[in-house]
There are 2 protein chains.
Amino acid sequence: MNHTKKSSITNKEFFVRKMTKEILSGKWSPGDRLPSERDLAAELGFGKTVIHSGYEKLATMGLVDIKPKSGVYVADYMKTGNIETLNAIIQLNGDELSREVTVGILDLRLAIEGMAFRELCLCRSEEDIAHLRTITKEIREISNRVEEDELAEYFFLWHREICILSGKSILTLFMNTTHDVSIAFWVNYLRMYGISFAINRLEQFIELIDARDGEGAYNLLAKGISDYLAKLENR
Amino acid sequence: MNHTKKSSITNKEFFVRKMTKEILSGKWSPGDRLPSERDLAAELGFGKTVIHSGYEKLATMGLVDIKPKSGVYVADYMKTGNIETLNAIIQLNGDELSREVTVGILDLRLAIEGMAFRELCLCRSEEDIAHLRTITKEIREISNRVEEDELAEYFFLWHREICILSGKSILTLFMNTTHDVSIAFWVNYLRMYGISFAINRLEQFIELIDARDGEGAYNLLAKGISDYLAKLENR
DNA sequence: TAACAGATTTGGTCGGACCAGATAGTACCC
DNA sequence: GGGTACTATCTGGTCCGACCAAATCTGTTA
């Protein structure tokens, strides 16, 4: 059983990817009944356990509805899907974000991070500032020797750190929920503005937090977002 | 194998709940290595498949990290968790929402639904208005004969309908992501304001959408949220 | 002390079995 | 002909015990 890409891919993963592609490409329509676990197991040569587990995964991705003792049906995922569904769609499209998706993400980021910035400015300690400076310095050091995917991850972690330091753990949990979709955004962002500009922006945020200027940090975030959207527009 | 509570509870559910309690109660610390699938299976008298499946579930809840061929480790869930983690925490606390969580949810709702209201006011058709009136009428009719949980579900669906009708499917996906946590909110809301007030509020929204007054709808939403928080404060 | 090789432990997979609810077909009765 | 009750079958859900390959540990060797 060789799946060409990685020999480490499991049968479950293979099945999940196969079905994801089939569903998102429109081979099946919402409401369609998918083959039973037994039939698929026999057809693909996998165990029923694998198909069962795979269907469960697809259900958490919002792509199928499992009706016990009845069957597995393609979900109306544009109505009932969730972030996981969005992640699947983005991955299939090769990390290309539509403008609509981008606007949606940035609106959420403004809500989440804006709140985090304000909270952090109220409670930030000297250690917090020092910590932010340290990880920013680290990003600058590694920035010219890592892939853009990895760098995007670091930028995500930097902004998540704001949520963590703010002490409002609920913000961190929401932030993590948008992880995959945020990475796709950061890759685009870094391509558009360049690494140097992006890191400078991080340092500007730190200065504002150091000065306990919550409104300033919020406004800088809002301005950065509207600039990005404008630049995206006349590209 | 009798678990006293419900005879219908599966071994997998039993295991997941047990581990969820143990992890969230602090019996294990982030980074701790949990017992191997085999050991737990032997200890609890379950099959290894059950434990395996249970660990997978706990991983999607963000409570554990599974390192293949190595072991299962308790995740630093307050840093790396997601919405699923939040759902687990809320369920363990008996659907009681802390003020911090409530504020976080409402901030997100304002971002998501506020955008949906504005978009809908730009593109709403006569059919949209008629549809909203219909489902609102349905809610009024069933409101005195269903459980509060079910009614909360209807209120969630009403607000999700705003996202769907707005045509911005990304908003719907985000909205669905907050489902569980939103239900907990709506139960609280309906208890606090009463059913009649809540339904009247829905009808006010419809009038504003009919008049294409996006700002008005946004402001009404924002006012409703700040009122709710204020009422929550001096309770 | 460092590196290699084998034994052990680990999560992942598999297929066969059983359960109980859903479903559809059939025979029956009014 | 239309409704009803029964039954055979199909479904997802669960469970077990065995096997696999990779990660890890251990003890020996150079």
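Throughout, protein chains are lettered first and strands after them, A, B, ... in sequence-line order, and every chain is numbered starting at 1.
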Exercise. Could you give the CG-to-P distance, from B:Leu40 to C:dG11, as a whole number of Å?
Worked result: 9 Å

Problem set entry | Value in whole Å for how far the P atom of D:dT14 lies from OH of A:Tyr55 | 17 Å

Exercise. For B:Ser70 and C:dT9, is the shortest distance between a side-chain N/O and OP1 or OP2 below 4.0 Å?
Worked result: no

Exercise. Between A:Pro68 and A:Lys12, who's closer to the 5' end of DNA chain C by nearest nucleotide?
Worked result: A:Lys12

Problem set entry | Donor-acceptor pair between B:His131 and B:Glu126 side chains, under 3.5 angstrom | no

Exercise. B:Asn11 side chain N/O closer than 4.0 Å to the phosphate oxygens (OP1, OP2) of D:dC15?
Worked result: yes

Exercise. Atom NZ of A:Lys57 and atom C1' of D:dG12: how far apart are they, to the nearest Å?
Worked result: 20 Å

Problem set entry | Rounded distance (Å) that lies between atom P of D:dG13 and atom CD of A:Glu56 | 7 Å

For this session: Could you tell me whether the side chains of B:Ser98 and B:Glu100 share a donor-acceptor contact shorter than 3.5 Å?
Result: no

Seminar exercise, completed: Of D:dC15, C:dG21, D:dA22, the nucleotide closest to the side chain of B:Lys69 is D:dA22

Problem set entry | Separation of atom CZ in B:Phe14 from atom C1' in D:dC15, rounded to whole Å | 16 Å

For this session: Using whole Å, report how far CG of A:Asp39 lies from P of D:dG12.
Result: 8 Å

For this session: Just call it for B:Lys48: base, sugar-phosphate, or nothing, with non-hydrogen atoms closer than 4.0 Å on any strand.
Result: base

Exercise. Are A:Arg140 and A:Glu203 within salt-bridge range, i.e. N to O under 4.0 Å?
Worked result: yes

Problem set entry | Whole angstrom value for the distance that separates P of C:dG15 from CD1 of A:Ile51 | 10 Å

Problem set entry | Which nucleotide in C:dC14, C:dT10, C:dG12 has an atom nearest any side-chain atom of A:Val50 | C:dC14

For this session: Side chain of B:Glu37 only, please: which of D:dC15, C:dG11, D:dG13 is the nearest?
Result: C:dG11

For this session: Indicate whether the side chain of B:Ser196 and that of B:Tyr193 have a donor and an acceptor atom separated by less than 3.5 Å.
Result: no

Problem set entry | Close aromatic pair by centroid cut-off 6.0 Å: A:Phe155 and A:Tyr189 | no

For this session: Counting heavy atoms from C-beta on, name the nucleotide in C:dC14, D:dG13, C:dG12 closest to the side chain of A:Phe46.
Result: C:dC14

Exercise. How long is the line joining CZ of B:Arg38 and P of C:dT8, in whole Å?
Worked result: 14 Å

Exercise. When you check the phosphate oxygens OP1 and OP2 of D:dG12, does a side-chain N or O of A:His52 lie under 4.0 Å from one of them?
Worked result: no

Exercise. In terms of side-chain heavy atoms of B:Thr10, which of D:dA22, D:dT14, D:dG17 is nearest?
Worked result: D:dT14

For this session: Scan A:Thr49 against the nucleic acid and name what it touches under 4.0 Å (heavy atoms): base, sugar-phosphate only, or nothing.
Result: base

For this session: With the side chain of A:Arg33 defined as its heavy atoms from C-beta on, choose the nearest nucleotide among D:dC19, D:dG12, D:dT11.
Result: D:dT11

